[in-house]
> 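One structure coming up, written as structure tokens, with questions to follow.
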Amino acid sequence: MQKEEDKKRRVLLGMSGGVDSAVSAILLQEQGYEVYGITLKLWENPQNDNEVDIAEEAKKVCDKLGIEHYVLDGKELFQKHVIQDFICQYKNCRTPNPCIECNKYLKFGYMYQKAKELGIEYIATGHYAKVEYSEKYGRTVIKKAANIAKDQSYVLCNIPKEVVEKVVFPLANIKSKEEIRQIAREHKLEVANKPDSEDICFIPDGDYKKFLEEYSGLKVKEGNIVNLKGEVLGKHQGLYRYTIGQRKGLGIAYSEPLFVIGFKLEKNELIVGTEKEIYQKEMLVSQVNFLLMDKLEEPMKVMVKTRYSSKEYPATIGMIGEDTIKVIFDEEVARITPGQSAVFYIGDIVLGGGKIV
């Protein structure tokens with residue numbers, strides 16, 4: 001239920017030209033907010049002149065709903081904090097999650113600064129997640145969405161803590177995508193049947209290897225594929241082309257299935273192992289961002305997601321040093337991947353998260 005004091009408060013809504021953000025605008029209006037739309041220009045593919053202008057798509061929706069629309073040029077920040085991080089992680093044999101970096105620096109960083117400049121108190125996005133005030137923790141918290149299958153709380157683990165109480169997620173209680181599309185149809189929005197984008201926004205064809213070769217200078221550098229004993233089993237085609245847990249594309253004939261389990265960057269070696277060797281009981285997580293508390297005072301039992309698509313695993317976490325958490329799982333976990341984010345939950349509340357070392 002919308003609180004009375006929230007009526008007619010101003011909110012700056014990030015709009016991508018898709019149906020989720022369009023329906024978010026409708027729901028915010030129905031909840032009594034004075035809505036302003038904004039589209040962040042983040043990436044333009046110089047090789048695709050036919051690319052749909054998402055700002056124009058978003059403005060059409062805003063015009064239809066009587067909402068003022070802004071365009072914010074975030075390309076320089078996106079290049080610095082998302083593209084360069086993406087490239088750097090792969091150069092160092094890590095597998096990044098660019099959406100988490102984008103949320104931190106652009107959608108909940110740069111966009112929030114713009115809202116303050118405009119005198120707008122709140123920001124909103126079409127993420128599937130909730131924000132609620134928790135009496136238990138004495139602060140506003142991020143929680144999982146009602147639609148668990150679409151829940152995006154994982155990618156919000158690294159947003160600035162001070163921004164959380166100024167965020168609104170209009171899709172928090174939406175149960176299905178069809179419900180969203182139906183709302184768009186009822187309001188006669190052209191985007192009602194627009195397909196979802198499943199790819200990384202700056203790699204629309206999903207070919208990250210091609211992207212790295214074109215934009216980072218990374219080139220195929222053949223090296224040895226070895227097992228934990230150091231035995232050479234084959235040749236790889238560049239370490240950036242592989243990720244932890246990968247089974248296909250190794251080109252090795254062996255008595256049992258082999259998986260990527262690690263890298264030796266200094267020797268340009270790809271390490272493979274059997275299925276039992278992809279499991280770990282512990283991991284380290286650095287660059288930790290706590291949303292639920294200022295710091296972790298003592299070891300705590302939590303549930304952990306090791307990547308966006310993974311299930312949650314029970315574990316105990318504790319600090320070692322100023323900015324690193326040691327995670328000890330109750331049972332061994334497969335495919336722990338450096339560069340991915342580990343996100344910690346207490347029930348359906350996001351405690352925080354950081355990068356797997």
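Index from 1, following the sequence.
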> Check D85 with K355, please: is the shortest side-chain N to carboxylate O separation under 4.0 Å?
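Answer for the salt bridge query: yes.
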
> If you take all heavy atoms of A25 and V35, which pair is closest and at what distance?
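In this case the closest contact between A25 and V35 is O-CG2, 4.2 Å.
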
> Near E266 CD, under 6.0 Å, is it more than 12 heavy atoms from other residues, nucleotides or ligands?
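Yes - once you tally the heavy atoms of other residues, nucleotides and ligands closer than 6.0 Å, there are more than 12.
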
> Within a 6.0 Å radius of atom NZ on K326, are there more than 12 heavy atoms belonging to other residues, nucleotides or ligands?
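At most 12 heavy atoms, drawn from other residues, nucleotides or ligands, come within 6.0 Å of this atom.
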
> Hey, does the side chain of N227 reach the backbone of K229 with a donor-acceptor pair shorter than 3.5 angstrom?
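Yes; judged by distance alone, with no hydrogens or angles, the pair exists.
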
> Shortest non-hydrogen contact from E282 to F329?
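Of all heavy-atom pairs spanning E282 and F329, the closest is N-CD1, 4.3 Å.
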
> State the CD1-CG distance between I261 and L270, to the nearest 0.5 angstrom.
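Here the rounded value is 9.5 Å.
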
> Under the criterion side-chain contact (heavy atoms from CB on, under 4.5 Å), I'd like the reasoning laid out for K175 against N147: C-alpha separation, chi angles, the key distance, then a yes or no.
CA-CA 5 Å; K175 298 292 177 61; N147 185 348; 5.6 Å; no

> How long is the span from the CG atom in D20 to the NE2 atom in H127, to the nearest 0.5 Å?
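It is 10.0 Å, given to the nearest 0.5 Å.
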
> Ring-plane angle category for Y90 and Y208, please: parallel below 30°, perpendicular beyond 60°, tilted otherwise.
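Ring orientation, 0 to 90° scale: parallel.
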
> Is there a donor-acceptor contact under 3.5 Å linking the side chains of Y36 and E34?
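Yes, a side-chain donor-acceptor pair sits under 3.5 Å.
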
> Using only atom types and a distance under 3.5 Å, with no angle test, would you say the side chain of E277 pairs donor to acceptor with the backbone of T274?
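Yes, E277 side chain to T274 backbone: donor-acceptor pair under 3.5 Å.
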
> Side chains of I183 and L27: does their closest heavy-atom pair fall under 4.5 Å?
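They are in contact (side-chain heavy atoms under 4.5 Å apart), so the answer is yes.
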
> For K264 and L239: C-alpha separation, side-chain torsions, deciding distance, then whether side-chain contact (heavy atoms from CB on, under 4.5 Å) applies.
CA-CA 9 Å; K264 285 186 179 177; L239 295 178; over 6 Å; no

> Which side-chain hydrogen bond (donor to acceptor under 3.5 Å, both in side chains) pairs, counting each pair once, include a residue from residues 242-259, with sequence neighbours left out?
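Found T95-T243.
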
> Can you see which heavy atom on A55 is nearest to which on K41, and at what distance?
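In terms of heavy atoms, the two residues are closest at CB-CE, 4.0 Å.
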
> Quick check against the 3.5 Å criterion: does T337 have a side-chain atom that pairs as donor or acceptor with the backbone of Q340?
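No, the answer is negative, given that no donor and acceptor are paired below the 3.5 Å cut-off.
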
> About how many Å separate CD1 of I317 and CE of M319, when rounded to the nearest 0.5 Å?
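The CE atom of M319 sits 9.0 Å away from the CD1 atom of I317.
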
> Check this for me: does any side-chain nitrogen of one of E332 and K276 sit under 4.0 Å from a carboxylate oxygen of the other?
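No.
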
> Tell me, yes or no, whether the heavy-atom count around Q84 atom CD, taken from other residues, nucleotides or ligands under 6.0 Å, exceeds 12.
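Counting neighbours around CD of Q84, more than 12 heavy atoms of other residues, nucleotides or ligands fall under 6.0 Å, so yes.
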
> Cut-off 3.5 Å, no hydrogens considered: what does the side-chain donor-acceptor table look like for residues 149-172, sequence neighbours left out?
{"unit_1": "D151", "atom_1": "OD1", "unit_2": "A145", "atom_2": "N", "d": "2.9"}
{"unit_1": "D151", "atom_1": "OD1", "unit_2": "S153", "atom_2": "N", "d": "3.4"}
{"unit_1": "D151", "atom_1": "OD1", "unit_2": "S153", "atom_2": "OG", "d": "3.4"}
{"unit_1": "D151", "atom_1": "OD2", "unit_2": "S153", "atom_2": "OG", "d": "2.7"}
{"unit_1": "Q152", "atom_1": "OE1", "unit_2": "Y128", "atom_2": "N", "d": "2.9"}
{"unit_1": "S153", "atom_1": "OG", "unit_2": "Y345", "atom_2": "OH", "d": "2.8"}
{"unit_1": "Y154", "atom_1": "OH", "unit_2": "S341", "atom_2": "N", "d": "3.4"}
{"unit_1": "Y154", "atom_1": "OH", "unit_2": "S341", "atom_2": "O", "d": "2.5"}
{"unit_1": "K161", "atom_1": "NZ", "unit_2": "M293", "atom_2": "O", "d": "3.2"}
{"unit_1": "K161", "atom_1": "NZ", "unit_2": "D294", "atom_2": "OD1", "d": "3.1"}
{"unit_1": "K166", "atom_1": "NZ", "unit_2": "E121", "atom_2": "OE2", "d": "3.0"}

> Within the supplied structure, the quantity of interest is the number of heavy atoms (other residues, nucleotides, ligands) at a distance under 6.0 Å from K75 NZ; does it exceed 12?
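Yes, NZ of K75 has more than 12 neighbouring heavy atoms, counting only those of other groups under 6.0 Å.
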
> Within the side chain of N289, is there an N or O that forms a donor-acceptor pair under 3.5 Å with the backbone of L291?
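No: the side chain of N289 does not pair with the backbone of L291.
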
> Would you check if I26 and E186 make a side-chain contact, meaning some heavy-atom pair closer than 4.5 Å?
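Answer no - side chains too far apart.
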
> Is there side-chain contact between V357 and M283, with heavy atoms separated by less than 4.5 Å?
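Counting from C-beta outward, V357 and M283 never come under 4.5 Å.
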
> Just verifying a value: how many Å separate I244 CD1 and I271 CD1, rounded to the nearest 0.5 Å?
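If we round to the nearest 0.5 Å, I244:CD1 and I271:CD1 are 8.0 Å apart.
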
> Locate the shortest heavy-atom distance separating Y240 from V220; write the atom from each residue and the value.
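Answer, listing the atom of Y240 first, then V220: OH-N, 3.4 Å.
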
> Are I325 and L351 in one and the same hydrophobic cluster, where Ile, Leu, Val, Met, Phe, Trp and Tyr link if side-chain heavy atoms are under 4.5 Å apart?
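Same hydrophobic cluster.
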
> Carefully, step by step, assess F86 and E101 under the rule side-chain contact (heavy atoms from CB on, under 4.5 Å).
CA-CA 9 Å; F86 185 84; E101 301 305 310; over 6 Å; no

> Is the closest side-chain heavy-atom distance between K301 and D330 below 4.5 Å?
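Contact flag for K301/D330 side chains = yes.
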
> How about E269 and V232: do any of their side-chain heavy atoms sit closer than 4.5 Å?
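A side-chain contact under 4.5 Å is absent here.
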
> Indicate yes or no for a side-chain donor-acceptor contact from K60 to the backbone of V191 under 3.5 Å, with no hydrogens or angles considered.
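No, because the side chain of K60 does not come within donor-acceptor range (under 3.5 Å) of the backbone of V191.
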
> Without swapping roles, check the side chain of N92 against the backbone of R94 for a donor-acceptor pair under 3.5 Å.
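No: the side chain of N92 does not pair with the backbone of R94.
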
> Check L106 against G74 and note the closest heavy-atom contact, atom names and distance.
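Reported closest heavy-atom pair: CD1-O, 3.9 Å.
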
> For E178, is there an ion pair with R185 - N to carboxylate O distance below 4.0 angstrom?
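A salt bridge links R185 with E178.
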
> Taking the six-membered ring for Trp and the full ring for Phe, Tyr or His, determine whether the centres of W43 and Y215 are under 6.0 Å apart.
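Close enough - the centres of the two rings lie under 6.0 Å apart.
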
> When you compare the side chain of F211 with that of L218, does any pair of heavy atoms fall below 4.5 Å?
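No, too far: nothing below the 4.5 Å cut-off.
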
> Between E190 and K64, does the side-chain contact (heavy atoms from CB on, under 4.5 Å) criterion hold? Intermediate values first, please.
CA-CA 10 Å; E190 293 180 16; K64 177 84 172 177; over 6 Å; no

> Within a 6.0 Å radius of atom NZ on K221, are there more than 12 heavy atoms belonging to other residues, nucleotides or ligands?
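Incorrect, the count does not exceed 12.
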
> Do H69 and I67 have side chains that get closer than 4.5 Å, going by heavy atoms?
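The answer is no, as the side chains (C-beta and beyond) never meet within the 4.5 Å cut-off.
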
> Main chain of K194, side chain of R181: is a donor-acceptor contact present, judged purely on distance under 3.5 Å?
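Side chain of R181 to backbone of K194: a pair is present.
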
> With sequence neighbours excluded, what pairs up with Y70 under the ring-ring contact (aromatic ring centres under 6.0 Å, His included) test?
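Y70 satisfies ring-ring contact (aromatic ring centres under 6.0 Å, His included) with no other residue.
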
> Whether K114 engages the ring of Y110 as a cation-pi pair (distance to the six-membered ring centre under 6.0 angstrom, angle to the ring normal within 45°) should be assessed.
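No, K114 does not lie over the aromatic ring of Y110.
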
> One pair to check against salt bridge (Lys or Arg N to Asp or Glu O under 4.0 Å): D196 and K177. What are the steps and the verdict?
CA-CA 10 Å; D196 290 341; K177 189 71 179 197; 2.7 Å; yes

> Please name the pair of heavy atoms, one in K130 and one in A146, separated by the smallest distance, quoted to 0.1 Å.
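In terms of heavy atoms, the two residues are closest at CE-N, 3.8 Å.
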
> Find out whether H236 and N268 are in side-chain contact, i.e. whether some heavy atom of one side chain is under 4.5 Å from a heavy atom of the other.
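Result yes, sub-4.5 Å side-chain heavy-atom pair found.
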
> Can you tell me how far apart CD1 (I54) and CG (L40) are? Round to the nearest 0.5 Å.
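Output value for this atom pair is 8.0 Å.
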
